[in-house]
Amino acid sequence: LWDANNGLDFFLDDVNDPDISFSRMGQVTNVGKVVGWLRFSDLDSGTRGYVYDIDSETRMILDPIGPDGNQSLGQTMNDFQLVVGSASELPDRERPFRDAVAWSTGLTMPNLLPGLGAFSGYEDTGAVHVTDDGVIVGGAGNRDLDNTLYAQNENWIWSPSTQLGESMGTLGDLEWTKVGDINDDATMAVGFGYADGQHKSEFLADHVGAIWTPDMGWVDVNDLLVNNTDYHIAELAGMNAAGQIVATAINPDGDVDAVLLSPGCLTPT
């Protein structure tokens, strides 16, 4: 954790807790919780999702799918403390295939997200964001040749009212998209589009930052810039309630910059 007054504060690490071999953070919330995943030292493989309370410095471990699953990842939590992420059911892989799950407030047992049958042809599904209204977005994909990254990613949006997940579509002739964030009322998402096999960072120059709305689908954010100074916006990573978007861009010299897009940078439409 980092803040301006205290700098870095390491937690859930092997120095403060020798039972842990590594940990990752997915999100820090407005209510002082951190969601992520870790590996215990006595696990040969697999991870466990966690919810960490900053004030009390206590953790809650999120279970995989029982009885044999060996991996769970907590990605994000809404203000009602509903956690979403992914978890495995089978124990026989170093990196097992995972399903989209949700952990109800204060509970450690995962619930499989229903209504994702349209994406059953993919090896993995995983939830990545949840709004306070319970709308969930995630991705369905297949593993790359190194068996660690998605070679493809088709995003879906799940509604608690219908209990169904629907495809968020693609950007133009780019086959795959990846969501970076979604706003609280699920009327806008940010992310990027890419061609088949171009998910990894070495293809960053071929990625296209994109904005999604229910009416328009995915739109190339580069087409929306009021004053494009020869920057190529490659990926949109997140946004806040004020409409500001953090992004990765290729500058005119061909180098990579982190950039901030404010609402005034974009056309009104």
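All values below come from the heavy atoms of this structure, side chains included, with hydrogens, waters and symmetry mates left out.
- In this structure, Asn155 and Val137 have side chains that are not in contact, with every pair of non-hydrogen atoms separated by 4.5 Å or more.
- Atom CZ of Arg24 and atom CH2 of Trp37 lie 8.0 Å apart (nearest 0.5 Å).
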Item to complete: Kindly indicate, with the supporting measurements, whether the criterion side chain to side chain contact (heavy atoms under 4.5 Å, CB included) is fulfilled by Glu175 and Thr170.
Response: CA-CA 6 Å; Glu175 300 101 321; Thr170 57; 5.6 Å; no
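- Here CG of Asp124 is found 7.5 Å from CG of Asn142. Values are rounded to the nearest 0.5 Å.
- Of all heavy-atom pairs spanning Gln75 and Ala127, the tightest one is CG-O, 3.4 Å.
- Contact record, Trp158 with Leu116: CD1-CD2, 4.3 Å, taken as the closest heavy-atom pair.
- The CG atom of Leu204 sits 11.0 Å away from the CD atom of Gln198 when rounded to the nearest 0.5 Å.
- Side-chain atoms of Thr248 and Val256, non-hydrogen and from C-beta on, do get closer than 4.5 Å to each other.
- For the pair Ile136 and Ile157, the minimum side-chain heavy-atom distance is 4.5 Å or more.
- Shown here is Asp185, whose CG atom has more than 12 heavy atoms of other residues, nucleotides or ligands within 6.0 Å.
- Side-chain contact between Arg98 and Thr125: absent, with no pair of heavy atoms (C-beta onward) separated by less than 4.5 Å.
- Atom CG of residue Leu225 and atom OH of residue Tyr231 lie 12.0 Å apart, to the nearest 0.5 angstrom.
- Cluster membership check: Val246 does not share its hydrophobic cluster with Leu261, using side-chain heavy-atom separations under 4.5 Å among Ile, Leu, Val, Met, Phe, Trp and Tyr.
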Fill in: Full working for side chain to side chain contact (heavy atoms under 4.5 Å, CB included) between Asp184 and Asn78
CA-CA 9 Å; Asp184 287 338; Asn78 65 13; over 6 Å; no
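- A pairwise comparison of heavy atoms in Leu62 and Ser72 identifies O-OG, 2.7 Å as the closest pair.
- In plain terms, the two heavy atoms of Ile233 and Ala247 that are nearest each other are CG2-CB, 3.9 Å.
- The backbone N or O of Gly243 lies less than 3.5 Å from a partner atom in the side chain of Asn240, making a donor-acceptor pair.
- Using cut-offs of 30° and 60° on the angle between ring planes, the pair His207 and Phe192 is parallel.
- Put simply, the side chain of Ile245 reaches to within 4.5 Å of the side chain of Ile211, judged on heavy atoms.
- Neither Leu164 nor Val135 shares a network with the other; the hydrophobic side chains, linked directly or stepwise wherever heavy atoms of I, L, V, M, F, W or Y lie under 4.5 Å apart, form separate groups for each.
- Judged purely by atom type and a 3.5 angstrom limit, Glu57 has no side-chain atom pairing as donor or acceptor with the backbone of Ile54.
- Following chains of ILVMFWY side-chain contacts shorter than 4.5 Å, one can reach Met216 starting from Val190, so the two form part of one hydrophobic cluster.
- In this structure, Ser21 and Ser41 approach most closely via the heavy-atom pair N-OG, 3.7 Å.
- Closest approach of Ser167 and Glu154 over heavy atoms only: OG-OE2, 2.8 Å.
- Linking Ile, Leu, Val, Met, Phe, Trp and Tyr whenever their side-chain heavy atoms come within less than 4.5 Å puts Tyr50 and Phe40 in one cluster.
- Atom OG of Ser23 is separated from atom CZ of Arg59 by 10.0 Å, given to the nearest 0.5 angstrom.
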Worksheet item: Could you go step by step and tell me if Val219 and Thr213 meet the side chain to side chain contact (heavy atoms under 4.5 Å, CB included) rule?
Response: CA-CA 8 Å; Val219 178; Thr213 65; 6.0 Å; no
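- Leu224 and Leu174 are not part of a single hydrophobic cluster, where members link through side-chain heavy atoms under 4.5 Å apart.
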Discussion item. Pair Asn222, His232 - check side chain to side chain contact (heavy atoms under 4.5 Å, CB included), show working.
Written reply: CA-CA 7 Å; Asn222 295 281; His232 171 69; 3.8 Å; yes
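- Counting only N and O atoms by type, the side chains of Thr108 and Asp63 include a donor and acceptor under 3.5 Å apart.
- In this structure, Tyr52 has its ring center under 6.0 Å from that of Phe11.
- Checking side-chain atoms of Ser262 against main-chain N and O of Gly264 turns up no donor-acceptor pair under 3.5 Å.
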Fill in: Working for side-chain hydrogen bond (donor to acceptor under 3.5 Å, both in side chains), residues Asn251 and Asp257
CA-CA 6 Å; Asn251 67 25; Asp257 281 341; 3.1 Å; yes
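- For the pair Leu236 and Asp181, the minimum side-chain heavy-atom distance is 4.5 Å or more.
- Here the CE-OG1 distance, from Met77 to Thr29, works out to 6.0 Å after rounding to the nearest 0.5 Å.
- Ion pairing between Asp53 and Lys33 holds under the 4.0 Å rule for side-chain N and carboxylate O.
- In this structure, Trp156 and Phe119 have tilted ring planes: the angle between them lies in the 30° to 60° band.
- The number of heavy-atom neighbours closer than 6.0 Å to CD of Gln81, taken from other residues, nucleotides and ligands shown, is above 12.
- When atom types are taken as modelled, the side chain of Tyr194 and the backbone of Asn153 share a donor-acceptor pair closer than 3.5 angstrom.
- Using the six-membered ring where Trp is involved, Trp218 and Trp212 have ring planes that are tilted, between 30° and 60° apart.
- Atom CG of Asn30 has 12 or fewer neighbouring heavy atoms from other residues, nucleotides or ligands inside a 6.0 Å radius.
- Residues Val35 and Thr76 fail the side-chain proximity criterion, which asks for heavy atoms closer than 4.5 Å.
- Ile182 places a side-chain heavy atom less than 4.5 Å from the side chain of Thr131.
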